[in-house]
Every structure is written in structure tokens, then in C-alpha cells.
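Report on one structure; see the data block that follows.
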Amino acid sequence: MQNENKITIEECQKLLEQNPFGSLLQMKITEAEQGRIKAELPFKKEFTNIYGDLHGGVLYSAVDTICGIAAGTYGYYVTTVDGQIRYLKAARATEYVTCTAKVVKPGRNITVVAFEITDANGMLLNTGDFTFYNLKEKEIL
């Protein structure tokens, strides 16, 4: 199991940027510790739907990615088994949204991560959770 002192924002950002799809989202990791990752997703026109709001698929992809990084802080490579998102309020008229992922159940085989998405003013937009299967132990984060 990883020591939480070894988990840095820089390592998590590098991991995010090495993910070909995840890097398209241009997210910035702002906080990182074992079991908890916080990141900002920029509000870009390319990420919007026909109403001018952030597209639900972009939001889902962003939190799937961030939750996966949070799950991985326990020392495993992971893959998504299941995920759900509750769209409570449209993401609009904000410079960015913040995705906060917190592991609620780390495990040897399965890890569960809950998340919240808020706008730049802290307004809650989305909640949900993801379940990940732990593939194999990492040598390093």
C-alpha cells in the first residue's frame, strides 16, 4: 500500500497527462493525498452542449478519470467497473468546475470512490460514485 506522503500533485498531474483521453480534458490537479484527489476542469466551448452548458458526457469522463486516480493512490492499477452521476444543476457561466473524488472503500479487489462537482463559486452541480477493479499492484504511483 502506498504511503500517503509519497503522493504528490505533480505525480498525479503527470499520470493524468499520460492518459491520452484524459489529457484532452485539460484538467489541473489542485490537491492530492491518499484516497482524495481534487481537480479543475476548464469551461471550454468545445465541452458544451447545444444549450451552452458543459456536456454531461464531459463531466462523466472527467470524474471517471479523477476517481480512477484517487482509487490508484492505494497502490493499484485500476479499471472502471461501474459509475453513476446525478446531474443536479447545469454547469454554466463558470470559468471551471471542480471535481473532488474521495475513496469511501479501498479494497484488495474493489475500490469505491464518491465524488462531487462544484462550479467556481462552490455551487454543488453533480454527485455520484464509481467502482473500480484493482488490476495489479503498482511499483510506484
Side-chain angles (χ1 to χ4, degrees), residues 1-49 51-141:
M1 201 175 282
Q2 294 286 319
N3 179 333
E4 71 179 279
N5 295 330
K6 293 184 179 180
I7 297 164
T8 68
I9 291 172
E10 294 77 20
E11 289 170 329
C12 291
Q13 186 69 41
K14 183 178 177 182
L15 184 62
L16 177 61
E17 291 168 1
Q18 289 172 343
N19 177 330
F21 180 77
S23 67
L24 292 174
L25 299 173
Q26 302 171 22
M27 290 185 286
K28 179 184 176 193
I29 306 286
T30 58
E31 295 178 25
E33 61 187 74
Q34 187 175 46
R36 187 174 178 280
I37 300 293
K38 192 172 191 177
E40 293 177 354
L41 170 72
F43 191 104
K44 299 180 61 103
K45 185 177 189 290
E46 299 83 9
F47 296 164
T48 61
N49 59 26
Y51 308 112
D53 305 326
L54 282 178
H55 190 285
V58 170
L59 294 168
Y60 187 94
S61 295
V63 290
D64 180 24
T65 302
I66 296 306
C67 287
I69 293 172
T73 64
Y74 284 89
Y76 293 95
Y77 293 102
V78 300
T79 191
T80 306
V81 172
D82 184 41
Q84 74 162 351
I85 187 169
R86 286 177 287 283
Y87 298 100
L88 306 174
K89 187 170 176 59
R92 65 170 60 119
T94 186
E95 186 180 336
Y96 60 88
V97 295
T98 300
C99 306
T100 305
K102 184 174 182 189
V103 173
V104 294
K105 191 257 178 210
R108 190 174 34 154
N109 296 310
I110 297 290
T111 298
V112 178
V113 184
F115 70 85
E116 290 186 347
I117 299 175
T118 57
D119 68 11
N121 295 318
M123 171 76 69
L124 182 64
L125 304 174
N126 311 102
T127 63
D129 56 71
F130 281 86
T131 302
F132 295 91
Y133 181 73
N134 300 330
L135 297 168
K136 66 177 185 174
E137 285 192 53
K138 296 180 182 179
E139 287 87 38
I140 57 170
L141 178 65

Among residues two or more places apart or on two chains, list those pairs meeting side chain to side chain donor-acceptor pair (under 3.5 Å) that have a residue in residues 92-111.
-> Asp53-Arg92, Thr111-Asn134
Starting at CD of Glu11, measure out to CD1 of Ile69 and round the result to the nearest 0.5 Å.
-> 12.0 Å
Compare all side-chain heavy atoms of Asn126 with those of Tyr60 and state whether any distance is below 4.5 angstrom.
-> no
Tell me, do Ile117 and Leu41 make a side-chain contact under 4.5 Å, heavy atoms counted?
-> no
Can you tell me if Gln13 uses its side chain to pair, donor with acceptor, with the backbone of Thr30 under 3.5 Å?
-> no
Considering all heavy atoms of both residues, which atom of Tyr87 and which atom of Gly56 are nearest to each other, and what is their separation?
-> OH-O, 3.0 Å
Beyond-backbone contact of Phe132 with Asp64, side-chain heavy atoms, under 4.5 angstrom | yes
What pairs of residues pass the ring pair (Phe, Tyr, Trp, His ring centres under 6.0 Å) test when at least one of them lies in residues 102-122, not counting sequence neighbours?
-> Phe115-Phe130
Donor-acceptor under 3.5 Å (Asn49 side chain, Tyr51 main chain) | yes
From CD (Gln18) to CG (Leu16), nearest 0.5 Å = 9.5 Å
What pair of heavy atoms forms the shortest contact from Val78 to Gly68, and how long is it?
-> CG2-O, 3.6 Å
Heavy-atom side-chain proximity of Ile7 to Glu33 below 4.5 angstrom = no
Please report the shortest heavy-atom distance between Ala70 and Val103, naming the atom on each side.
-> O-CG2, 3.6 Å
Give, for atom CZ of Phe21 and atom OG1 of Thr65, the distance between the pair rounded to the nearest 0.5 Å.
-> 6.5 Å
Spell out, as yes or no, whether a donor-acceptor pair under 3.5 Å connects the side chain of Thr73 to the backbone of Gly35.
-> yes
Of all the heavy-atom pairs spanning Ala90 and Leu125, show the shortest one and how long it is.
-> O-CD2, 3.7 Å
Minimum-distance pair of heavy atoms, taken over all atoms of Ile29 and Ile9 | O-CG2, 3.4 Å
Validation row: His55, Phe47 side chains within 4.5 angstrom (heavy atoms) = no
Atom CG of Leu88 and atom CD of Glu116: how far apart are they, to the nearest 0.5 Å?
-> 9.5 Å
To the nearest 0.5 Å, what is the distance between SG (Cys99) and CD1 (Ile37)?
-> 12.0 Å
What pair of heavy atoms forms the shortest contact from Gly107 to Tyr76, and how long is it?
-> O-CE1, 4.0 Å
Rounded distance (nearest 0.5 Å) linking atom CG of Asn19 with atom CE of Met27 = 8.0 Å
